[in-house]
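Step one of this worksheet: look at the structure below.
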Amino acid sequence: MEKEYSKILESKALVRFEDCDPFGHLNNGRYINYYLNAREDQLRDNYDLDIYALGKTTGKAWVVASNQIAYLREVKFMETVTIRTCLRWYSGSDLMMEGQMVDPKTGAIISVIWTRFAYIDIRKGQKAEHSEELTNLFSSVAILGEGKPAEYFEDRVKELRMASVVLP
């Protein structure tokens, strides 16, 4: 029997002093770290996918190819946030993750990120193809499925702002 996986993963994070600017707001560049750390933990805890162990055993790993981020409201020092992530789409060698940072009390979306990951062979330094096992996992959890859809980040942010919705 095939294992049933959640498509939307969620965890909490506490905004730390060292990650804030002089005004006590989460530094713009640090948002990416919060998303990447949350996603790494969520993959390990929910899909039993340890990306570092996989890299050691296969010699292949994902690298960040691009980020698009929208800041909808500030986050302050010692504020707890909910970080939701999902796999929007995948291809033979790319993944597109969407993340949302949400106020756990109000449900208001604080920021949205799209991160595209490229799968590479570390030894060769070039793109690699996902294994059948990974492709099977991706097909069971991707919100939009296989193949890059013709959608724009700005349209997705506008949709979220207007509807005040969360993933997918």
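For reference, positions follow the sequence shown, starting with 1.
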#### Entry: Shared hydrophobic cluster for Met97 and Tyr71 (ILVMFWY, side-chain gaps under 4.5 Å)
yes
### Query
Short question: side chain of Tyr47, backbone of Ser6 - any donor-acceptor pair under 3.5 Å?
yes
### Message
Counting only heavy atoms not in Glu154 (residues, nucleotides, ligands), do more than 12 fall under 6.0 Å from its CD?
### Response
yes
### Query
After noting the C-alpha distance and the side-chain angles of Leu95 and Leu87, does the key distance pass the side chain to side chain contact (heavy atoms under 4.5 Å, CB included) rule?
CA-CA 7 Å; Leu95 302 174; Leu87 178 62; 3.8 Å; yes
### Note, Leu134 side chain near Tyr119 side chain (heavy atom, < 4.5 Å)
yes
### Message
Please evaluate residues Phe77 and Asp21 with respect to the criterion side chain to side chain contact (heavy atoms under 4.5 Å, CB included), reporting the C-alpha separation (whole Å), side-chain torsions for both, the decisive distance (0.1 Å), and the verdict.
### Response
CA-CA 9 Å; Phe77 164 64; Asp21 63 22; over 6 Å; no
### Query
Does any non-hydrogen side-chain atom of Asp103 lie less than 4.5 Å from one of Val81?
no
### Query
So, do His130 and Phe138 have ring centers that fall under 6.0 Å from each other?
yes
### Task
Tell me whether Tyr52 is reachable from Phe117 by hopping between hydrophobic residues (I, L, V, M, F, W, Y) whose side-chain heavy atoms are closer than 4.5 Å.
yes
### Query
Any salt bridge between Arg44 and Asp41, counting N to O under 4.0 Å?
yes
#### Entry: ILVMFWY network linking Val64 to Met101, side-chain heavy atoms under 4.5 angstrom
yes
### Query
Considering all heavy atoms of both residues, which atom of Ser140 and which atom of Leu137 are nearest to each other, and what is their separation?
OG-O, 2.8 Å
### Message
Less than 4.0 angstrom from a charged side-chain N to a carboxylate O is my criterion; do Asp94 and Arg116 meet it?
### Response
yes
### Task
Kindly indicate, with the supporting measurements, whether the criterion side chain to side chain contact (heavy atoms under 4.5 Å, CB included) is fulfilled by Glu10 and Thr82.
CA-CA 7 Å; Glu10 186 175 293; Thr82 299; 3.3 Å; yes
### Task
Output yes when Glu159 and Arg156 qualify as a salt bridge under the 4.0 Å nitrogen-oxygen rule, no when they do not.
yes
#### Entry: Full working for side chain to side chain contact (heavy atoms under 4.5 Å, CB included) between Glu74 and Leu26
CA-CA 7 Å; Glu74 80 246 352; Leu26 182 59; over 6 Å; no
### Task
Check whether any side-chain N or O of Tyr90 sits under 3.5 Å from a backbone N or O of Gly147 as a donor-acceptor pair, and report yes or no.
no
### Message
I'd like to know if the side chain of Asp45 reaches the main chain of Asp48, judged simply by a donor and an acceptor atom lying under 3.5 Å from each other, with no hydrogens or angles considered.
### Response
no
### Message
Whether Arg84 and Glu98 form a salt bridge (side-chain N of Lys/Arg under 4.0 Å from carboxylate O of Asp/Glu) is what I want to check.
### Response
no
#### Entry: Rounded distance [0.5 Å steps], CZ in Arg161 versus CG in Leu72
4.5 Å
### Query
So which heavy atom on Ala128 is nearest to which on Ser93, and how close?
O-CB, 3.0 Å
### Value rounded to 0.5 Å, distance of SG in Cys86 from CD1 in Ile143
4.5 Å
### Task
Spell out, yes or no, whether Trp62 and Ile120 are grouped together once hydrophobic residues are joined by side-chain heavy atoms under 4.5 Å, including indirect joins.
no
### Task
Would you indicate whether the side-chain heavy atoms of Glu151 and Arg88 approach each other to under 4.5 Å?
yes
### From CE (Met78) to CZ (Arg16), nearest 0.5 Å
6.0 Å
### Task
Answer with yes or no whether the hydrophobic clustering places Phe17 together with Leu14; edges join I, L, V, M, F, W, Y residues whose side-chain heavy atoms lie under 4.5 Å apart.
yes
### Message
Just verifying a value: how many Å separate Lys105 NZ and Thr80 OG1, rounded to the nearest 0.5 Å?
### Response
7.0 Å
### Lys7 atom NZ: more than 12 heavy-atom contacts under 6.0 Å
yes
#### Entry: Minimum side-chain heavy-atom gap Glu40-Ile51 below 4.5 Å
yes
### Query
Are any non-hydrogen side-chain atoms of Ile69 and Trp114 less than 4.5 angstrom apart?
no
### Task
Count the heavy atoms belonging to other residues, nucleotides or ligands that lie under 6.0 Å from NZ of Lys12, then report whether that count exceeds 12.
yes
### Message
Using side chain to side chain donor-acceptor pair (under 3.5 Å), reason through Tyr35 and Ser111 one step at a time and then give a plain yes or no.
### Response
CA-CA 10 Å; Tyr35 281 114; Ser111 69; 2.5 Å; yes
### Between CZ on residue Arg39 and OG1 on residue Thr115, distance to nearest 0.5 Å
10.0 Å
### Query
What distance do Leu9 atom CG and Leu43 atom CG have between them, rounded to the nearest 0.5 Å?
6.5 Å
### Query
Do Tyr5 and Asn46 come within less than 4.5 Å of each other through their side chains, counting heavy atoms only?
no
### Query
Are any non-hydrogen side-chain atoms of Val15 and His25 less than 4.5 angstrom apart?
no
#### Entry: Shortest non-hydrogen separation from Arg73 to Tyr31 and the atoms involved
O-OH, 3.8 Å
### Query
Can Asp121 and Lys127 be counted as an ion pair, charged N to O under 4.0 angstrom?
no
### Tyr34 side chain reached by Asp19 side chain, heavy atoms, under 4.5 Å
yes
